Each structure stands twice: as structure tokens, then as C-alpha cells.
Amino acid sequence: YYVNTLSENNTTLSNDVTNAINYINNYFENLDVQDEINNKLDQMVENGTMQEIFSTYFNFITPERFGCIGDGETDDTENFKKFIAYLKQNNVSGYCLTSKTYLLSKQIDITKCSINFNKSTIKAKEGFNGSSILYYQDSVNTTEDYTHFTVIEKLSLDCNNIPNLVGILMPYVFKCTLRDCMIYNCCRSCLKVTGGAELFVDECHLIGNRNYQQYGIEITTSDCHFTNIVIIDCHTAIYNEGSNFYSLVHGWKSKNIKG
């Protein structure tokens with residue numbers, strides 16, 4: 001009797017253990033949470049949480065780490081300045097999240113800051129305070145400095161049709177590259193360069209507002225290089241005073257423009 005009872009208990013215990021193992025193995029297969037997990041991961045990517053987690057291990061420096069929102073409605077000026085200051089102080093490159101729009105109300109100095117904007121947008125806020133959205137003023141004493149090469153890439157710069165606002169102003173530039181950028185809704189000059197050399201602009205779109213008399217490229221210095229540039233709806237595609245290099249540059253208008 002005792003042997004039979006013990007055997008039956010062992011069998012029951014064995015069956016219970018087997019059922020428990022099967023339940024655990026099949027739990028996530030039977031639990032319909034995949035859509036919820038996917039939605040949560042998408043949300044983490046969109047709001048920057050995932051990027052911040054990765055930055056712990058891959059050291060991505062993003063504007064969000066300094067309080068930027070990037071929703072196109074919040075004024076991110078002061079926090080974006082903190083982002084830029086950190087890049088300069090630590091001599092590191094910056095990285096932006098995809099599809100963000102950083103609304104700025106004041107000029108930002110990006111001198112010697114390499115940033116991959118990753119197709120994000122910087123947009124000028126109505127009532128913008130400054131002559132240009134972005135400003136680049138290198139030192140005239142850096143001509144022997146071969147250690148720092150600035151790269152600004154995948155930037156979408158929205159001048160928001162504000163009169164007399166320059167997209168990027170460079171009073172003095174040296175060893176700087178603009179790559180795969182778009183400057184648009186511009187009523188003055190998309191890109192204005194007045195001093196320096198060795199600026200490389202490649203694969204960029206410059207788009208004006210045909211109701212204003214403006215320039216796509218306004219340059220009064222030499223030894224700058226422009227390749228694969230499309231200039232649209234600017235009264236003057238290129239205003240050039242200097243010896244510069246142009247290859248595959250196309251200027252055209254979508255309709256009749258003023259002037």
C-alpha cells in the first residue's frame with residue numbers, strides 16, 4: 001500500500017512538474033503582448049529614451065541629454081546652447097535623433113562642432129533674434145591647425161520665411177564640411193561666407209522664397225569647394241567674389257520670381 005501510494009504521488013508530482021515546465025515554455029508564445037512590446041519600443045525610439053539608453057554604452061551625445069524636446073513647438077534655444085557648449089569643451093561629435101525639430105529663437109554658434117543631425121530640423125522661431133540661424137566664426141590663426149575638421153551633415157535648416165534672416169553665416173571658416181544638408185524657406189542668403197578657406201559643401205539643397213531677392217550662395221572669399229548642389233527659387237543662385245571651385249551645381253526656379 002505504501003509503495004503504491006508513493007508511486008502515485010511521484011507520478012502526480014512528475015506530471016505537475018511537466019505541466020509547469022510546459023506552461024513556462026509556452027507562456028510568452030500564448031501571451032499576446034507582441035504588439036504592445038513593439039509599440040513601446042517605437043515610443044522609446046521616438047521620444048529619445050532608446051537613444052539615451054544606447055548612449056550609455058556608445059557615448060552618443062544628443063541634444064536631449066541637455067533638455068531639448070525637439071517637438072517643433074518648444075523653444076529649445078538655451079538647452080541647445082548647452083549641447084553645443086559640451087561638444088566644444090570636450091572636443092566630441094554630436095548626434096541628433098531622426099525626425100526631431102529643434103525650434104530656436106536665437107543664433108547658435110556652431111564653430112568647430114561636428115554634428116550628424118540625422119535628418120532632423122533646426123527651425124527659426126517667429127520673431128527670431130539674430131542675423132542668421134547658425135553662425136561659424138573660426139580664428140584667423142588656425143591656418144596651421146590640422147587637428148580639427150568640422151563636419152555638419154544631414155541637417156534640415158528651416159529659415160521659416162523670416163525676412164533678412166541668413167541660414168548659415170560664416171565670417172571666417174577653415175576646414176569645414178557641409179554634407180547632405182538642406183536650407184530652405186530662406187529670404188536672404190541660404191549660405192553666406194565672407195572669410196576663410198577650405199569650406200567643402202557637398203550634396204546640398206538650397207531653397208529660397210521667390211517673393212524676395214536673395215542668394216543661394218553668397219561668398220566673398222576664395223578656395224572653397226562646392227559639389228552636387230541644387231539651388232531653387234533664389235533670385236541669384238550664386239554671388240561669387242573670389243576664386244572658388246564649382247562642380248555639378250544646378251540653379252533653377254519653380255515659377256517666375258520677383259525682380
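Both backbone and side-chain heavy atoms feed into the values below; hydrogens, waters and symmetry mates do not. Starting from 1, each residue takes its place in the sequence as its number. Owing to the predicted nature of the structure, the values given are computational and were not obtained by experimental measurement.
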(request) Kindly indicate whether the side chain of Gln89, heavy atoms from C-beta on, has any atom under 4.5 Å from the side chain of Asn91. (result) no

(request) Assess the side chains of Asn160 and Asn185: does a donor N or O sit below 3.5 Å from an acceptor N or O? (result) no

(message) Do Ile231 and Ile168 sit in one hydrophobic cluster, given that two such residues count as connected whenever their side-chain heavy atoms are within less than 4.5 Å of each other, even indirectly?
(response) yes

(request) Compare all side-chain heavy atoms of Val92 with those of Tyr86 and state whether any distance is below 4.5 angstrom. (result) yes

(message) Could you see if Ile162 belongs to whatever hydrophobic cluster contains Leu155? Use Ile, Leu, Val, Met, Phe, Trp, Tyr and a side-chain cutoff under 4.5 Å.
(response) yes

(request) Check for a donor-acceptor pair, side chain of Gln214 on one end and backbone N or O of Cys186 on the other, with a separation under 3.5 Å. (result) yes

(message) Just by distance, no angles: are the side chains of Asp233 and His235 close enough, under 3.5 Å, to form a donor-acceptor pair?
(response) no

(message) Minimum heavy-atom separation for Ile238 and Val249, please, with both atom names.
(response) CD1-CG1, 3.8 Å

(request) Taking the side chain as every heavy atom from C-beta outward, state whether Cys159 and Ile133 have any atom pair closer than 4.5 Å. (result) yes

(request) For Leu169 and Ser132, work out which heavy atoms get closest and say how close. (result) CB-OG, 3.4 Å

(request) Would you check if the side chain of Asn244 reaches a backbone N or O of Cys224 as a donor-acceptor pair within less than 3.5 Å? (result) yes

(request) Output yes when a side-chain donor or acceptor of Asp76 lies under 3.5 Å from a complementary backbone atom of Ile69, and no otherwise. (result) yes

(request) Report whether Tyr135 and Leu87 are members of the same hydrophobic cluster (ILVMFWY, side-chain heavy atoms less than 4.5 Å apart, transitive linking). (result) no

Between side-chain atoms of residues 189-201 and protein atoms elsewhere (two or more places apart, or another chain), which donor-acceptor pairs fall under 3.5 Å?
from   : atom 1 : to     : atom 2 : distance (Å)
Ser189 : OG     : Glu218 : OE1    : 2.6
Thr194 : OG1    : Pro171 : O      : 3.2
Glu198 : OE1    : Lys175 : NZ     : 3.0

(request) Treating Ile, Leu, Val, Met, Phe, Trp and Tyr as nodes and any side-chain heavy-atom pair under 4.5 angstrom as an edge, say whether Leu157 and Leu104 lie in one connected cluster. (result) yes

(message) Check this for me: does any side-chain nitrogen of one of Asp109 and Lys88 sit under 4.0 Å from a carboxylate oxygen of the other?
(response) yes

(message) When you measure from the side chain of Thr121 to the backbone of Thr101, do you find a donor-acceptor pair of N or O atoms at a distance under 3.5 Å?
(response) no

(request) May I ask you to check whether Phe80 and Phe83 place their ring centers less than 6.0 Å from one another? (result) yes

(message) Is the shortest side-chain heavy-atom distance between Asp75 and Lys125 below 4.5 Å?
(response) yes

(request) Write down the atom of Gly130, the atom of Leu165, and the distance for their closest heavy-atom approach. (result) O-CD1, 3.6 Å

(request) Specify the closest pair of heavy atoms between Tyr239 and Thr220, including all atoms of both residues, with the distance to one decimal. (result) CE2-CG2, 4.2 Å

(request) Please check if the side chain of Asp138 supplies one atom and the backbone of Tyr172 the other of a donor-acceptor pair under 3.5 Å. (result) no

(message) So does Val151 get a backbone contact from the side chain of Thr177, meaning a donor-acceptor N/O pair under 3.5 Å?
(response) no

(request) Would you mind checking if Lys154 and Asp180 are paired as a salt bridge, meaning a charged N to carboxylate O distance below 4.0 Å? (result) yes

(request) Flag the pair Ile84 / Ile108 as yes when at least one side-chain heavy-atom distance between them is below 4.5 Å, and no otherwise. (result) yes

(message) If the test is side chain to side chain contact (heavy atoms under 4.5 Å, CB included), which one of Ile115, Ile122, Ile61 qualifies with Cys96?
(response) Ile115

(message) Which heavy atom of Met170 sits nearest to which heavy atom of Cys176, and what is that distance?
(response) CE-SG, 4.1 Å

(message) Count I, L, V, M, F, W, Y as connected when their side-chain heavy atoms are under 4.5 Å apart, and connections chain through other members. Are Ile183 and Tyr102 then in the same cluster?
(response) yes

(request) For atom CZ of Phe66, decide whether the heavy atoms of other residues, nucleotides or ligands shown that lie under 6.0 angstrom number more than 12. (result) yes

(message) Check whether Asn79 reaches the backbone of Gly67 with its side chain - one donor and one acceptor, N or O, closer than 3.5 Å.
(response) yes

(request) Would you mind reporting whether Asn240 and Tyr246 have side-chain heavy atoms less than 4.5 Å apart? (result) yes

(request) Taking all non-hydrogen atoms of both residues into account, name the closest pair between Ser114 and Thr150 and its distance. (result) OG-CA, 3.4 Å

(request) Answer whether the closest heavy-atom distance between the side chains of Ser156 and Tyr184 falls below 4.5 Å. (result) yes

